[in-house]
Protein chains: 2
Amino acid sequence: MTTANSLAHGSAQGSAQEAGQADLGSAAQRDRRRRILEATIALASKGGFDAVQMRAVAERADVALGTLYRYFPSKIHLLVSALAGQFEQTQAMVSRKPVPGDTAADRVIYVLKRATRGMQGDPQLTEALTRAFMFADSSAAHEIHVVGMQLTGMLNRAIKGADYVEGEEPSDAEIAVARVISDVWLSALVSWVTGRSTADEVADHIETAVRLLLR
Amino acid sequence: MTTANSLAHGSAQGSAQEAGQADLGSAAQRDRRRRILEATIALASKGGFDAVQMRAVAERADVALGTLYRYFPSKIHLLVSALAGQFEQTQAMVSRKPVPGDTAADRVIYVLKRATRGMQGDPQLTEALTRAFMFADSSAAHEIHVVGMQLTGMLNRAIKGADYVEGEEPSDAEIAVARVISDVWLSALVSWVTGRSTADEVADHIETAVRLLLR
DNA sequence: ATTCGGACTGGAACGTGTTTCCATTATGCA
DNA sequence: TGCATAATGGAAACACGTTCCAGTCCGAAT
């Protein structure tokens, strides 16, 4: 019996099947949650972080402001959850076929460039999600951890390439490399989002870093 | 407890231009600026990002709110400028003697661990400055760039060790490595600030990354 | 000394994230 | 079916970053 409000964040817990989202009790609740995240993405996509205003999200999702806050305890939680959702979606698409490339470096670069291009295709959305991720404080540690795991998981799959096996644990060295790469990727994303780097510079920087790390 | 305040390069006085920050004309103005940054550090040190409230800073610095905004156009600008000041101070202390260590990796690790320990000694201040840095948008691009340069400059000096020469430009490869390392350091700092990593994990992660990059 | 222009003060006011409260509506259980 | 409880809607209120304005102070030019 989930006590009262386990519906808050959409993450792990209940075990359950369904890889990602939380299992909300009723279909109506699942639907509200979906509408909220949908509205969040739509507003972020149109106007970035500042355009994701809680009143606007609530109105667009057709829920009361108080309800929105019951589902997501802050704007940051909301946006980071949305980021996790987007990631999951991307991962589902990517993980259908093995990553192309002959070396680990090639595969990682392929994956990252693809992801980067995807994000650059919707700059406002990327700005909103990235800034939320970076601004998050410890109260959103759990949501952030979920995203971090998605990211390093994706990288580990790319590093292993065809040798990748579902349950297999990566070695410590592999984990370390994946973490460093995701650090670089996030920093690069931030610098792009804040207008300090161009898309090309981001791509170059990531490629350089990966080749330094996977040699 | 870093309680900074000697960030104004003492000379600058008379008239001239002085490379660094805009040097405000009158002594009273320089003093206001100093008081503001001092108040910012004090409040941040006591209660972190949230405690740096613009009204509180203004009151503590004994200036009107409007004046505070004339000196620093937003809370983010204020905090990132404070960060630059702290950095400058650290650098001034560190740059007196050459960095110890036989290899580039050792020197870089030495410098980063020292800096990291310094920041961990005042967690609230670090949280405030780090989150401001990460949340900054393009309007603070200039302030951020200053900090980035300080950081990569510090790293380049550590990489070169005794061979370091003031005016000499680092090679592209060196710049790339320094940037990757600073990316890792910032990410590690963020994860520590948000409670996702312990201080030891941060130290380990940085050491691992540096050894991967400088081998 | 007077005047002029810009900087400073004090305070009100606005926007948006967040909290709070209560009436109303769903939901599940006996 | 009727009731107890939880969830939701609706709206006001609060907190803090930010903006604005009217009046005051100060130094420089006349």
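Just the heavy atoms: all of them, side chains too, but no hydrogens, waters or symmetry mates, feed the values below.
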Please tell me which of the listed nucleotides, [options], lies nearest to the side chain of [X]?
X      : options                   : answer
K75(B) : dG17(C), dG17(D), dT18(C) : dG17(D)
A64(A) : dA7(C), dG9(D), dT18(D)   : dG9(D)
Y69(A) : dT9(C), dT18(C), dT19(D)  : dT18(C)

Checking all strands, does V57(B) fall into the base, sugar-phosphate, or nothing category for heavy-atom contacts under 4.0 angstrom?
-> nothing

Base, sugar-phosphate, or nothing for R55(A), non-hydrogen atoms under 4.0 angstrom?
-> base

NZ/NE/NH1/NH2 to OD/OE distance under 4.0 Å, [X] and [Y]:
X       : Y       : answer
K160(A) : E174(A) : yes
E207(B) : K113(B) : yes
R196(B) : E201(B) : no
R55(A)  : E59(A)  : no

Starting at [atom1] of [X] and ending at [atom2] of [N], how long is that distance when rounded to a whole Å?
X       : N       : atom1 : atom2 : value
R70(A)  : dA6(D)  : CZ    : P     : 12 Å
L68(B)  : dT18(D) : CG    : P     : 9 Å
Q29(A)  : dT27(C) : CD    : P     : 9 Å
D50(A)  : dC14(C) : CG    : P     : 21 Å
I36(B)  : dC8(C)  : CD1   : C1'   : 11 Å
Q53(A)  : dT18(C) : CD    : P     : 12 Å
R30(B)  : dC8(C)  : CZ    : P     : 13 Å
F135(B) : dG17(D) : CZ    : C1'   : 11 Å

Would you mind telling me which residue lines up with the more 5' stretch of DNA chain D, L65(B) or T67(A), judged by nearest nucleotide?
->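 Nearest-nucleotide comparison on DNA chain D picks T67(A).
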
Examine dC8(C): is either OP1 or OP2 under 4.0 Å from a nitrogen or oxygen in the side chain of Y71(B)? Give yes or no.
-> yes

Apply side chain to side chain contact (heavy atoms under 4.5 Å, CB included) to R35(B) and R32(B), showing your working.
-> CA-CA 5 Å; R35(B) 290 204 310 274; R32(B) 276 197 194 88; 3.6 Å; yes

